[in-house]
Amino acid sequence: MLEIKNLHARAGDALILKGIDLSIGAGEVHAIMGPNGSGKSTLAGVLSGRPSFEVTEGSVLYRGEDLLAMEPEDRARAGIFQAFQYPVEIPGVTNNYFLKASLNAIRTARGEDELDAMDFLSVVREKMKIVEMPKDLMGRSINEGFSGGEKKRNEVLQMLLLEPSFMVLDETDSGLDIDALRVVANGVNHLRSPERSMLVITHYQRLLDYIVPDVVHVLSEGRIVRSGGKELALELEEKGYGWIEGAAAP
Amino acid sequence: MSRILEEARDRFLALAGEAPPAGGLALLREVGLEAFAEQGLPDTKQEEWRYTRLTPLAEIAWTNAPAAIGVKQSSLEAAAEPVFGCEPVVFVDGRHRAGLPGGAGAGEVAALAESAEAPALLGTLAEARSHPFVGLNGALCQDGARVTLRGEAPCLVHLVFAEATEAAASHPRVLIEAAPGSRGTVIVDHVSLEETTHLANAVLEVEVGANASLDLVVLQRQGKRSFHAGHVAGRVERDGRLRTHTLTLGGAFVRNDLVVTLVGEGAECAMKGLYLGTGEELIDNHTWIDHSVPQCRSDELYKGVLAGRSQGVFRGRVVVRPDAQKTEAQQSNPNLLLSDDAEIDSKPQLEIYADDVKCSHGSAIGRLDPEALFYLRSRGIDVDEARALLTRGFAGEVLAALPEPTLAEAVGALFSERLERAGESP
C-alpha cells in the first residue's frame, strides 16, 4: 500500500530525514518509535503533505501513485489520514460544519452521494459514541477550548467518519491519561481491517499494548536503525533508546 | 480645498437649488445648505480624512434622483424580500415607496416627508455643522423615516434603501426613538437594484431612552460602483443599551461615522463592525464613543477582511470625560489581509480624562493561519473552500453578536458570496 524509498526531507535548513526505506502492505500496522528529534513527526508531516517540510530526495508511492506530487486535500481524498499530535484550534468554524464539509468532500471523491444534515447527524452520533465524545463539542469551534483528551478524541472521530485506507497516528497517546488512551485506542481499533494500514508513531510502548503492531521500527537521527516484531517495543521500553543508539554507532 | 472638491461642492449647492421642496423638511434643508456651503468637501489635509480621498466621489456629476422612478416591481420585491422576519419598509433613491407592503407588525414607522411633527425633531443629535456629509444630507434630504419603539414587546423594523438611478445621489434621514423601557431591532438595509453608480448619504439620529435596549443593524450590500456615506449619531440615557452592527459588504467608496454619547449613568454601548473590501474598494470606519457620565460601559469590536487592492481605514476614538469615573471601555480592531496589495490603516485612540477607569484597546493585522489551512486541507477540503471557511470564521464573531440568528445566517451567506464572487479568496 505504501512504499517509501530513500526518503530525505528537511525543515528549514536542517536535514531531518536521511534516507528512510519502509514498505507497508495492506492490513498491516507498523509502529515507529524513537527518541525526541529522531524525525518521527517529520515523517508523518511529509506523508500528509505539511508545507513546512521539503523532500530533497527519495520517493513515496501510495497504491502505486506518487504521493509526494499530490496536494494535501488530494491525499485525504485518496484515503490518507493523519491524526495530529497537536490539532490546531480554529475559532469561528464549528466542528459540526467542518466535519460535514470534510466528510462530503471525501464522499464526493469516492463517488458517493453527499450526506444531508439529517443523515450526517445520525452517522456522526454513532461515531461519537465510540470515542465517548461529549455532544456539546459539535457545536463549538474546531478544537477551541477542547482539553487535550477531547482534541485527540476529535481526531479519532474524524478518522472514524472518513474511513481512510492509510492512517498515520502521530503521538496520539501524548497527553492522555490511561482511560482516555483506552477510548482513543478502541476508536482506532474499530478501523482495523485487512484493507487498511496504519503507521503508529509513538514515543512510548504503552500505546502499543492497545494498538498491537505487526512490525516495530526504531528511528534514530533520521534513519530506521532497527526493525522487528512487537517484542522490539518491549525490549526498547526495558533498555531505553540509548541501547539502540549505541548499537547503531559504528 | 482642491479645485475638483470645490467644483463638486458647487455642483451639490446647485442641486440643492434645483431639488423639489420637501414639505416640512424646509428648515433641515436650509440649515444643512448653510453648513455645507461653509464646509464643502474635506481634503486629506484634514486629520479625519487623511487616508480617504474624496476625489473619486467628487469627479462624478451627481444628479437629484427623479421623484417617480420606473422600477421593475420584481426587482424591488427581490431587494425587499422579508428575509429578516418582518415586512420591510422600502425607499427608492431616498424616497418612501408607497404601494408596497411594509411596516406590518413592526414598530411605528412614518415617512418623514409625510409626517407633520418629525422634521422639527431632526438635527439635534446630528448637527449640520458636525460633519460635512451631515450638512450635505440636510441640504438635499427628500425623505426618510421616523421609527418609534414603544412598550416591552420587542419590535423589529426593517428599512430598505434601494438605489435605482444612475449617477443619482440620495440623502435619506432616519430618526429612531427607543422610548424608555422599550426594546427592539432596527435594520437599515442599503441595496442596489442594479449595478449603478449611486451615492447614498444617510444620516441616522438615534435616541435610546432610559432602560431601553436597541440593536441597530446597518447593512451595506450595494454594488461595486456604489458610494456610501453613513452617519450615525446616537445618545443613550440612563441604563439604556445601544448595540450597533455596521456590516459593510462592499461599495466603491464607503465612509461610516458613528458617534455615540453615553449621557446617563449605567448606559451601555456595544459597537460591532464587519467590513469586507475586495477589488479597489475603500472602506473607512470612524467611530467615536463618548463617556460623559460615570458607570457606563462600551465595548467595540470591528473586524476587517481586505482582499485584492482594497483599502481599509479604522479610527476608533473613545473619550472618557473627567466626570466619567468607573468607566469600562474596550476596543479592538483585528484585520485579515488576504492579499499583498490590500491595505489597512488602523488607529485606536483612547482619550482618558478620568482616573478610576478600566480601558483597553488594540488593533491587529494578520493573514490566514497556515496551520489552520493545512488542517482543513488534510481533511479533504479544497484549498479555496478552506480559505473561505477560515475567512468566514474570522468574521463569525461579529455576526454572532447579531440579535437574530436568521440575520447572522443571511449576512454570513452574503459575505461568503461576495468574497467568492470577487474571486479573491487567494
Side-chain angles (χ1 to χ4, degrees), chain A residues 44-53 70-95 97-110 114 139-144 151 154-155 157-159 161-164 167-168 170, chain B residues 247 272-276 301-305 332 334-336 338 362 364 366-402 405-406 408-416 419-420 425-426:
Chain A
V46 166
L47 295 180
S48 58
R50 185 181 284 278
S52 48
F53 299 121
M70 294 160 78
E71 296 292 340
E73 56 268 44
D74 294 328
R75 297 182 195 200
R77 291 168 191 179
I80 304 262
F81 184 99
Q82 179 184 352
F84 294 101
Q85 185 179 3
Y86 303 110
V88 65
E89 299 189 5
I90 307 183
V93 183
T94 64
N95 213 24
Y97 190 94
F98 159 58
L99 293 184
K100 182 161 168 274
S102 168
L103 178 58
N104 280 335
I106 301 285
R107 287 182 66 93
T108 303
R110 288 198 295 236
E114 292 196 358
R140 301 233 309 257
S141 292
I142 303 169
N143 293 327
E144 197 181 35
K151 283 180 182 170
N154 204 20
E155 293 294 290
L157 173 66
Q158 292 166 37
M159 199 187 287
L161 272 175
L162 303 183
E163 301 179 323
M167 287 156 268
V168 181
D170 187 9
Chain B
L247 311 166
K272 308 281 180 198
L274 173 66
Y275 46 97
L276 169 66
L301 173 69
Y302 267 65
K303 282 192 149 187
V305 176
S332 144
N335 290 279
L336 183 59
L338 294 180
R367 296 179 173 277
L368 290 178
D369 175 7
E371 286 293 315
L373 197 58
F374 172 65
Y375 189 75
L376 296 180
R377 293 178 74 189
S378 79
R379 299 303 183 242
I381 296 172
D382 188 70
V383 63
D384 287 338
E385 197 190 339
R387 283 182 170 130
L389 258 179
L390 293 178
T391 308
R392 170 84 180 265
F394 175 80
E397 193 181 357
V398 174
L399 299 178
L402 282 165
T406 50
E409 248 169 65
V411 176
L414 277 171
F415 175 88
S416 298
L419 192 65
E420 192 184 348
S425 122

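Throughout, a chain's letter reflects where its sequence line sits, starting with A, and its residues are numbered from 1. Note that these values count all heavy atoms, side chains included, but never hydrogens, waters or copies made by symmetry.
E385(B) CD to S102(A) OG: the interatomic distance, rounded to the nearest 0.5 Å, is 10.0 Å. Note that CG of D382(B) and OG1 of T108(A) are 11.0 Å apart. Values are rounded to the nearest 0.5 Å. Within the model, atoms CG of D369(B) and CD of E89(A) stand 11.0 Å from one another, a figure rounded to the nearest 0.5 Å.
Both the backbone and the side chain of R50(A) have a heavy atom closer than 4.5 Å to some heavy atom of chain B. Looking at E371(B), both its backbone and its side chain come within 4.5 Å of chain A, counting heavy atoms on both sides. Neither the backbone nor the side chain of P164(A) comes within contact range of chain B, judged by heavy atoms closer than 4.5 Å. Contacts of N104(A) with chain B are absent, with no heavy-atom separation under 4.5 Å from either backbone or side chain. With a threshold of 4.5 angstrom between heavy atoms, L99(A) does not approach chain B through any atom at all.
The minimum heavy-atom distance linking S378(B) with A76(A) is given by the pair O-CB, 3.3 Å.
Note: A101(A) leads A78(A), A105(A), A101(A) in heavy-atom pairs under 4.5 Å with chain B.
Ring geometry, F84(A) versus F374(B): the interplanar angle exceeds 60°, so the pair is classed perpendicular (tilted spans 30 to 60°).
Ring centroids of F98(A) and Y375(B) are separated by less than 6.0 Å, placing the two rings close together.
The cationic atom of R379(B) (NZ for Lys, CZ for Arg) lies less than 6.0 Å from the six-membered ring centre of F81(A) and within 45° of the ring axis.
At least one side-chain heavy atom of L376(B) sits under 4.5 Å from a side-chain heavy atom of I90(A).
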Side chain to side chain contact (heavy atoms under 4.5 Å, CB included) evaluation trace for I381(B) with E73(A): CA-CA 6 Å; I381(B) 296 172; E73(A) 56 268 44; over 6 Å; no
